[in-house]
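Comments concern the structure below.
Whatever order the structure lists them in is the order used to number ligands and atoms, beginning at 1. Not measured: the values here are computed from a predicted model.
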Amino acid sequence: MKIYLDGKLVDEADAKVSVFDHGLLYGDGVFEGIRLYGGNIFRLEEHLERLEYSAKAILLPIPLSRAELSKATCETCRANGLTDAYIRLVVTRGVGDLGLAPWLCPKPSLFIIASKISLYPKEYYENGLAIVTVPTRRIGPAALPATIKSLNYLNNILAKIEAKQFGALEAIMLNDQGYVAECTADNVFIVHKGEILTPGASQGALKGITRSTIIDIAHELNIPLRETDMTRYDIWCADECFLSGTGAEVIPVVKLDGREIGAGKPGPVTQRVLASFRKRVLIEGTRI
Ligand code: PXG
């Protein structure tokens with residue numbers, strides 16, 4: 001496997017970063033997870049824009065321009081002969097001292113990995129997921145805006161561990177106020193009385209690229225969609241629920257905290273959104 005690392009395509013065995021990189025020492029960096037479908041990179045510009053915003057928010061200069069980032073991403077996919085892949089773009093603060101000071105890290109590091117992705121097994125798309133609410137709360141925006149896709153994923157990882165302890169593959173994370181924020185790596189949607197509802201970014205959700213695609217799909221399908229405060233009760237009593245994310249795409253949820261959602265199987269709105277999403281990923285995108 002070829003990895004793009006600081007301007008060069010290198011062999012996987014040579015793709016190494018320093019133990020003094022602040023990305024490793026402090027989680028000081030930002031990243032994107034992107035998908036390549038049939039030789040097209042899905043919503044590359046949106047991902048690069050979010051990467052730039054995340055970097056700006058932590059005062060991290062990205063060593064490449066948007067056009068250069070795009071070119072390097074395409075090159076990495078081509079170098080590995082991939083047509084369907086998961087692309088991980090990472091910018092770290094770079095090498096520095098054993099101290100927090102980011103201004104002592106003179107050169108940010110950028111690497112791009114294009115590889116296979118392990119998806120949820122097919123049966124979950126057909127039968128839906130059973131998920132749980134976990135005790136770990138989503139970090140509040142005053143501490144660390146959830147809109148920054150940073151290398152600090154410990155909050156989400158703790159939630160993921162708790163989900164596993166309860167026998168679930170994903171978890172609902174609440175914010176400090178007890179409202180639904182998002183899942184560990186997915187945004188949350190419910191369908192109630194014909195409307196699609198999702199928590200706003202202000203509740204502690206990442207502005208997911210898949211989420212924004214679903215907003216476009218709802219518009220196209222003439223299904224009303226709005227952002228709203230959401231409680232666990234709203235999910236328990238919804239007609240349908242689904243999650244969205246680059247890895248998961250659109251996945252139905254049929255149970256939360258032991259309560260069946262709606263009819264306890266993937267609902268018609270979820271199925272329409274999922275079908276439309278699968279069509280879009282094949283026709284939209286940047287040719288590599
Ligand atoms: N919330 C969080 C906390 C995420 O990490 C999403 C929502 C969905 O956003 P997108 O833009 O993907 O629709 C994410 C995305 C991984 C992995 O390796 C994680 C994500 C995406 C791809 C892979 O586990 N997180």
Side-chain angles (χ1 to χ4, degrees), residues 27 29-37 41-54 57 73 84-90 111-120 124 129 131 134 136-141 143-164 168-175 179-189 196 198-218 225 227 230 241-251 253 273-274 276-278 280-281 284-285:
V30 295
F31 79 101
E32 280 298 317
I34 312 172
R35 289 284 286 276
L36 173 71
Y37 291 98
I41 303 180
F42 188 63
R43 299 212 165 187
L44 178 59
E45 284 294 310
E46 272 183 58
H47 280 285
L48 296 180
E49 181 183 69
R50 187 172 66 184
L51 185 78
E52 288 166 1
Y53 289 160
S54 294
T73 308
D84 291 272
Y86 172 71
I87 304 161
R88 172 64 59 97
L89 236 155
V90 183
F111 57 87
I112 306 170
I113 308 167
S115 183
K116 295 268 165 264
I117 183 165
S118 60
L119 302 166
Y120 284 110
Y124 291 108
L129 283 174
I131 64 171
V134 290
T136 295
R137 297 286 173 111
R138 191 80 181 95
I139 288 180
L144 180 66
T147 38
I148 302 176
K149 201 161 165 61
S150 85
L151 297 180
N152 275 278
Y153 256 59
L154 212 41
N155 180 227
N156 311 59
I157 286 166
L158 289 179
K160 183 100 180 162
I161 290 168
E162 287 168 346
K164 187 158 190 286
L169 295 177
E170 247 301 7
I172 293 286
M173 298 183 78
L174 306 177
N175 64 20
Y179 288 105
V180 173
E182 60 178 344
C183 291
T184 67
D186 297 305
N187 290 112
V188 184
F189 294 80
I196 302 178
T198 192
S202 60
Q203 296 297 349
L206 181 78
K207 286 183 185 165
I209 309 292
T210 321
R211 177 181 184 274
S212 76
T213 309
I214 286 163
I215 294 169
D216 293 347
I217 288 172
L225 181 150
E227 290 184 356
M230 188 183 288
C241 177
F242 61 89
L243 311 180
S244 77
T246 295
E249 304 178 314
V250 176
I251 189 155
V253 174
V273 171
L274 173 56
S276 177
F277 181 80
R278 287 195 166 145
R280 266 178 188 255
V281 297
E284 271 190 32

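Ile34 places none of its side-chain heavy atoms less than 4.5 Å from the side chain of Arg43. Under the 4.5 Å side-chain criterion, counting only non-hydrogen atoms from C-beta, Leu89 is not in contact with Phe111.
Between Glu182 and Arg211 there is no salt bridge, since no side-chain N of the basic residue sits under 4.0 Å from a carboxylate O of the acidic one. A salt bridge links Glu32 with Arg50: the closest approach of a Lys/Arg side-chain nitrogen to an acidic carboxylate oxygen falls below 4.0 angstrom.
Taking distance alone, with nitrogen or oxygen atoms compared against 3.5 Å, Glu182 approaches ligand 1 more closely than that limit. Below 3.5 Å of separation, one finds no N or O of Lys207 facing any N or O of ligand 1. Below 3.5 Å of separation, one finds an N or O of Thr210 facing an N or O of ligand 1.
Taking 4.0 Å as the cut-off, Ile117 does not count as a neighbour of ligand 1 on heavy-atom distance.
The protein non-hydrogen atom at the shortest distance from atom 5 (O) of ligand 1 is Tyr153 OH, 2.4 Å. Atom 25 (N) of ligand 1 has its closest protein heavy atom at Lys149 NZ, 3.1 Å. Of the protein's non-hydrogen atoms, the one nearest atom 18 (O) of ligand 1 is Arg88 NH2, 2.8 Å. Closest to atom 17 (C) of ligand 1, if we only count protein heavy atoms, is Tyr86 OH, 3.7 Å.
Listed by number with element, the atoms of ligand 1 under 4.0 Å from a non-hydrogen atom of Thr246 are 10 (P), 11 (O), 12 (O), 13 (O), 21 (C), 22 (C). Counting atoms of ligand 1 from 1 in the listed order, those under 4.0 Å from a heavy atom of Thr184 are 3 (C). Listed by number with element, the atoms of ligand 1 under 4.0 Å from a non-hydrogen atom of Gly245 are 8 (C), 12 (O), 13 (O). Interface atoms of ligand 1 facing Asn156, defined by a heavy-atom separation under 4.0 Å, are 3 (C). Atoms of ligand 1 found under 4.0 Å from any heavy atom of Ile209 (numbered from 1 in listed order, with element): 10 (P), 11 (O), 13 (O).
Between atom 6 (C) of ligand 1 and the options Gly33, Ala185, Gly208, the minimum heavy-atom separation is to Ala185.
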